[in-house]
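Letters go in sequence order (proteins before strands), and every chain restarts at 1. All figures in this text were calculated on a predicted structure; none of them were measured in a lab. Note that these values count all heavy atoms, side chains included, but never hydrogens, waters or copies made by symmetry.
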Number of protein chains: 2
Amino acid sequence: MLRVMVVDDQALVRRGFALVLDNEPDIQVVAEAGTGVEAIEAAREHQPDIILMDIRMPEMDGLEATARLLQTEERAEAGDTTCRVIILTTFDPDEYVFRALQAGASGFVLKDIPPEALVEAVRTVADGGAMLAPGITQRLISQFAQKLGAGRNLAERLERLTTREREVLAAIADGKSNAEIAEALFIGAATVKTHVSSVLSKLGLRDRAQAVVFAYECGLATAGGRDVGF
Amino acid sequence: MLRVMVVDDQALVRRGFALVLDNEPDIQVVAEAGTGVEAIEAAREHQPDIILMDIRMPEMDGLEATARLLQTEERAEAGDTTCRVIILTTFDPDEYVFRALQAGASGFVLKDIPPEALVEAVRTVADGGAMLAPGITQRLISQFAQKLGAGRNLAERLERLTTREREVLAAIADGKSNAEIAEALFIGAATVKTHVSSVLSKLGLRDRAQAVVFAYECGLATAGGRDVGF
DNA sequence: CACCGTCTCCGCCTTTTGGGGGAGGCCAGA
DNA sequence: TCTGGCCTCCCCCAAAAGGCGGAGACGGTG
């Protein structure tokens, strides 16, 4: 039995969704809330598996509430029930979508979806999947494809480099100085300079800063997942 | 009426999908193909709206075929029918997914989905949406959220900079030299050096190369959509 | 064998970079 | 009003970076 909570400041809308879901044999609406603050309290108390969350609400909006809920979940880690959030809203500007995904939402659907699809979304998310409105998936894909596809012609230029030169370039893109690169690759400082020079020359770059840009643009280096502790 | 083409090297599988789809009143399977090469020919001839494409095929795999089909579509631009591709495969390694999205596919679903869901996917994609298998959506989201969320604590460090310093940092992340920054910001070269110094100092960086790394990691600069022409 | 590409290193040179300090003007807040 | 932050610019200096040519070693290829 899936335990669901519905969060929306409009009681009528809330009841509507709740009724649709409660009508399913394997779904039970265990709580409702009208604000973000209420949602957090109610979630603690009733431990729902799935939360349907509106965005525009008084006191605390749904995105903020989602972030807090999933953040505390992280802290509780192994122990508690890991609840999952589906954002259910009338609007879908990119900003909302991104913030929602960043907050850890597993779904983002618009309120105009047919009831069966909503039920389907709940089940999908409960199964560990994710559900986005078609148009949103579309945008997500195109954003993603853009990032991926960006460095194609650049990656070709990358092939003109020798193995060693690529290693040096990667080290440069790591923020290393020539001396550090020498140490990391077990070669002399002079050798590093030679490699750096040929990298710049072959790629048509002027200095190591441009080399870093190149590395990121062509995908040799990627944002995210680095400690910029230097 | 949606014109669909099914591409799979296993005739039995192909027929199965075709039958399921043909059974729908608003869907008509207008062509089938067993290889990528055949798919491209058949697509030209029958102008389907939607193509269900397997990946593993002889002669030319589905990803390659998808890329070529959608590439030529780009060339034909306004004129021709813009067909959309759904990748339909048994496997879902990230590599396949990414290449598929990069190639321009609008969907990526696994062969184990229930028939109704396949039909639904076809309709969704025909409507201009995108459909991914739930687990894939999940991964796409987490990859995306990671990239988005990566620079949060870094972005805080960014706030310690003044407006001008952020502008200078952005220019550095653009691969500009101090002289070029001076020209771009209409200030003296000496001033640029002052700003650069305080940027490095405030962010705890050593040189402009590390500054570029920082800019990318915190989201001030993003890969994709730049001419690395320098 | 001779040739070529790669990796390794060496000097020498110029330019750029980055650190240090100092200074004047401007503007907002105490 | 004065103080402090910001932007602007200057000088000097040391370190790093980058360009240049040269050179030895190694492995594969014609």
Just to verify, what does [X] make a salt bridge (charged side-chain N to carboxylate O under 4.0 Å, His left out) with, not counting sequence neighbours?
X: A/K111; result: A/D8, A/D54
X: B/E167; result: B/R164
X: A/E41; result: none
X: A/D92; result: A/R139

- Message: Pair A/R99, A/D61 - check side chain to side chain contact (heavy atoms under 4.5 Å, CB included), show working.
- Response: CA-CA 12 Å; A/R99 282 181 57 201; A/D61 73 26; 4.0 Å; yes

Checking [X] side chain against [Y] main chain: does a donor-acceptor pair fall under 3.5 Å?
X: A/R166; Y: A/L158; value: yes
X: B/E45; Y: B/A42; value: no
X: A/T222; Y: A/G219; value: no
X: B/R84; Y: B/G129; value: yes

- Qualifying residue, where the test is side-chain contact (heavy atoms from CB on, under 4.5 Å) with B/I136 and the options are B/V109, B/V97, B/D94: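 Going through the options one by one, the only one that passes is B/V97.
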
- Identify the residue among A/V125, A/L132, A/T66 that makes a side-chain contact (heavy atoms from CB on, under 4.5 Å) with A/I86.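 Of A/V125, A/L132, A/T66, side-chain contact (heavy atoms from CB on, under 4.5 Å) with A/I86 is met by A/V125 alone.
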
- Test: A/E217 and A/R157 ion pair at under 4.0 Å: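 Answer for the salt bridge query: no.
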
- Contact boundaries on DNA chain C for chain B, cut-off under 4.0 Å to non-hydrogen atoms: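 So the outermost contacting nucleotides come out as C/dT17 to C/dG19.
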
- Task: Using a cut-off of strictly less than 4.0 Å between a heavy atom of the residue and any atom of DNA chain C, enumerate the qualifying residues of residues 162-172 of chain B by number.
- Result: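 Nucleic-acid contacts, sorted: none.
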
- Quick one: salt bridge (Lys or Arg N to Asp or Glu O under 4.0 Å) pairs with a partner in residues 184-199 of chain B, sequence neighbours left out?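 Of all non-adjacent pairs touching residues 184-199 of chain B, none passes salt bridge (Lys or Arg N to Asp or Glu O under 4.0 Å).
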
- Query: Looking at residues at least two apart in the chain, or sitting in another chain, which of them share a side chain to side chain contact (heavy atoms under 4.5 Å, CB included) with A/E32?
  - Reply: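 For A/E32 the side chain to side chain contact (heavy atoms under 4.5 Å, CB included) partners, ignoring immediate neighbours, are A/R14, A/R15, A/A18, A/V29.
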
- Query: For A/A211, what residues pass the side chain to side chain contact (heavy atoms under 4.5 Å, CB included) criterion, not counting sequence neighbours?
  - Reply: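 For A/A211 the side chain to side chain contact (heavy atoms under 4.5 Å, CB included) partners, ignoring immediate neighbours, are A/L169, A/I172, A/L200, A/L205.
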
- Considering heavy-atom distances to DNA chain D, does B/T191 or A/R208 have its closest nucleotide positioned more toward the 5' end?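 Closest to the 5' end, via its nearest nucleotide, is B/T191.
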
- Message: Over the length of the helix from C/dC1-D/dG30 to C/dA30-D/dT1, how much do the five-pair end axes diverge, rounded to 10 degrees?
- Response: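 Here the local axes at opposite ends form an angle of 30°.
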
- Query: Counting only non-hydrogen atoms, which of residues 194-207 of chain B are less than 4.0 Å from DNA chain D?
  - Reply: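 Result for residues 194-207 of chain B: B/T194, B/H195, sorted by number.
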
- Query: First and last nucleotide of DNA chain D in contact with chain B, 5' to 3', at under 4.0 Å to a heavy atom: what are they?
  - Reply: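 First and last nucleotides in contact are D/dC6 to D/dC10.
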
